[in-house]
Engineer: 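Have a look at the structure that comes next, please.
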Amino acid sequence: MKNLFLSFILFSLLSGVFFSCKDDSFTGNSSYKISFSADTLSFDTVFTTIVTPTKRIMVYNKTSENIRIENITLFSNSNCFQVNVNGKNGTAFHDVELRSKDSLYIFVQVMVNELGQNAPLHILDSLVFNYNNNTQKIMLQTYGQDVHLLKKVTIEQDTHLTNDKPYLIYDTLTVEDGIKLEIDAGTKFYFHNKATMVVKGSLNIMGDAQNPVIFRGDRLDNLYSGLPYDNLSGQWGGIILTKESTANRINGAMIRNGAFGIQVDSAEMQSGVYRLVISNSQIHNTKQAALKARNANIYVYNSIISNGTYTCVLLEGGEYLFNQCTIADYTKNSRVYGALVLSNHVQFDNNTLIPLKAEFNNCIIYGTFQQEIKTDNLDGNGDATDNFNYKFRSCLIRYQSGKSSELNPNSDAFENVIWNEDPGFLSISEESYDFHIDSLSAAIGKGDPQIITTYPECSTDKDGVSRTPASGKNPDIGAYEYIPETDPN
């Protein structure tokens, strides 16, 4: 028995040595090759001097033999890619062992030095693997873009910003009281996480249909394949107009994917004087209200306000005019209220009356809720009153009456309104929201032409298309006119 036990121990030791030797051997046969999770690692456009988030690529040994990679070398003319292999940073790695059926993580970041040019620069480098007379490579590519980097900047004199290169905002960009900021068409603003624009003075955005002024988050990569960060709300803060701010004009802007879009703080109003005019613009995809205003005087025309998780438009007292607008909410996440909330007090404060006067002409108010208008009147009902005054003329509204109805569709507050008919938006999906209308839209030709006469700035739509064609057709409802397809023959 003792001899049997000793024989077992000896066999075990010899077996361990044998298998250990086998495990530690590496093939020199060139037919055994490694493989990669991708042959190209691409970074979207990166801003110069800013380190990107890390991406990874997998190296696999799917063969039955161990492989020793003699050299992993970064071949680069740009010196912008930073590579980590097995926890070590560098540009050359030697004798990297990859066991049979095992894998290896390689992590890559990018930091592009300032380019000294306004146009983006394509950068293409490679990571080369040499082993057993084999050479394989992974391509590394990105575009570098110079930016104006603004970190917690306060503008203290009248300033004109051009579109020579984008602006990257960290923390807060503040326009001081009494100061005017003008922004050229085609200018792009990228805001870092939670960064915000605060306007105490006045803002004049001069975009157009071909060259909008863009406000968005600074993440240009994907959360995962097929889902860009640019499709997610809450990527940055938003634009705040403080109580001191006056004479703001926003034309041709695209404001998207913030925690909120535009927030207008309460201030003393002057009758007939707008603190903010929004025209030919879109505010899209926010976690809170896309447009929130309290005791303000605002005019909005030819604009789209869409996909606010809390609501698209929240008006807490004040005076408002909306002409030829599309207010549409197709948020995929859990929505809170309808697309439009009208209130004569601050939400969750039922003690302070703020009289409301709101007028909507030739507007679409639509979405996934059966009732896309929410009223919050201190008098306790949704009817229009002296302190809760609203009017809808020639609008297309989704509001299906039921037990929870707050609105009376037969009241004088609704004139020539189309209820619950399909606006026929071209595309409603997470990949693409296009609020142009199609040939079957109930909005075609149903607008009030008197609005165009009274407000000549609405004689063209958001794209600049005429609303007064030679045929004499009434204007369409919403921000866009329908353009019939032409026969190529």
Side-chain angles (χ1 to χ4, degrees), residues 36-57 72-85 89-93 106-129 135-151 153 159-171 173 183-193 195 207-208 210-232 235-236 253-254 256-257:
F36 309 117
S37 56
D39 58 9
T40 301
L41 186 62
S42 297
F43 290 78
D44 292 311
T45 301
V46 301
F47 301 126
T48 55
T49 75
I50 305 297
V51 179
T52 67
T54 300
K55 286 192 174 186
R56 76 179 185 187
I57 198 160
I72 302 175
T73 308
L74 174 63
F75 285 89
S76 173
N77 294 316
S78 66
N79 296 319
C80 69
F81 290 99
Q82 302 171 7
V83 178
N84 181 292
V85 177
N89 296 323
T91 58
F93 308 87
I106 295 180
F107 298 98
V108 183
Q109 289 182 301
V110 182
M111 200 283 284
V112 181
N113 292 322
E114 192 165 353
L115 301 170
Q117 65 182 55
N118 294 337
L121 176 68
H122 185 216
I123 299 169
L124 184 63
D125 291 339
S126 61
L127 199 59
V128 178
F129 298 74
T135 298
Q136 292 174 259
K137 64 175 62 176
I138 298 173
M139 303 307 300
L140 307 176
Q141 70 170 351
T142 188
Y143 285 85
Q145 171 69 66
D146 277 348
V147 293
H148 298 286
L149 181 58
L150 304 179
K151 291 188 176 183
V153 169
T159 299
H160 187 114
L161 299 183
T162 64
N163 62 6
D164 59 339
K165 52 188 176 182
Y167 295 81
L168 177 58
I169 313 300
Y170 277 71
D171 196 284
L173 174 62
I183 301 173
D184 276 350
T187 305
K188 295 182 175 68
F189 290 86
Y190 295 91
F191 288 79
H192 194 59
N193 183 33
D208 56 46
Q210 289 71 39
N211 300 285
V213 176
I214 295 176
F215 296 80
R216 52 157 294 177
D218 69 343
R219 291 295 297 266
L220 304 179
D221 53 330
N222 291 351
L223 177 62
Y224 52 79
S225 179
L227 181 60
Y229 275 97
D230 193 36
N231 285 3
L232 301 176
Q235 291 299 298
W236 58 292
M254 163 56 91
R256 65 176 186 255
N257 304 333

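Given the structure is predicted, the values throughout are model-derived calculations rather than measurements.
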Engineer: Just by distance, do the side chain of K55 and the backbone of S42 share a donor-acceptor pair under 3.5 Å?
Structural biologist: yes
Engineer: Could you check if a side-chain atom of F75 sits within less than 4.5 angstrom of a side-chain atom of K137, using non-hydrogen atoms only?
Structural biologist: no
Engineer: Give, for atom CG of L150 and atom OH of Y170, the distance between the pair rounded to the nearest 0.5 Å.
Structural biologist: 11.5 Å
Engineer: Quick one: pull up CG in L168 and CG in L173 and give me the separation to the nearest 0.5 Å.
Structural biologist: 11.5 Å
Engineer: Do the non-hydrogen side-chain atoms of N163 and N211 ever get within less than 4.5 Å of each other?
Structural biologist: no
Engineer: Any side-chain hydrogen bond (donor to acceptor under 3.5 Å, both in side chains) involving residues 43-52? Give me the pairs, sequence neighbours left out, ordered by first then second residue.
Structural biologist: T48-D146
Engineer: Report the distance from atom CD1 of I138 to atom OG of S126, rounding to the nearest 0.5 Å.
Structural biologist: 10.0 Å
Engineer: Please examine the side chains of V46 and L220, heavy atoms only from C-beta on, and report whether any two atoms are closer than 4.5 Å.
Structural biologist: no
Engineer: Measure from the side-chain N and O atoms of Q235 to the backbone N and O of H192, and report whether any donor-acceptor pair falls under 3.5 Å.
Structural biologist: no
Engineer: Report yes if the side chains of V108 and F43 come closer than 4.5 Å at any heavy-atom pair, otherwise no.
Structural biologist: yes
Engineer: Do I169 and W236 have side chains that get closer than 4.5 Å, going by heavy atoms?
Structural biologist: no
Engineer: Please examine the side chains of D221 and Y229, heavy atoms only from C-beta on, and report whether any two atoms are closer than 4.5 Å.
Structural biologist: yes
Engineer: Kindly compute the distance separating CG (N118) from OG1 (T162), expressed to the nearest 0.5 Å.
Structural biologist: 8.5 Å
Engineer: When you compare the side chain of C80 with that of M111, does any pair of heavy atoms fall below 4.5 Å?
Structural biologist: no
Engineer: Could you grab the distance from atom CZ of F36 to atom CG of L41, nearest 0.5 Å is fine?
Structural biologist: 12.0 Å
Engineer: Contact between V147 and Y190 at the side-chain level, heavy atoms closer than 4.5 Å - yes or no?
Structural biologist: no
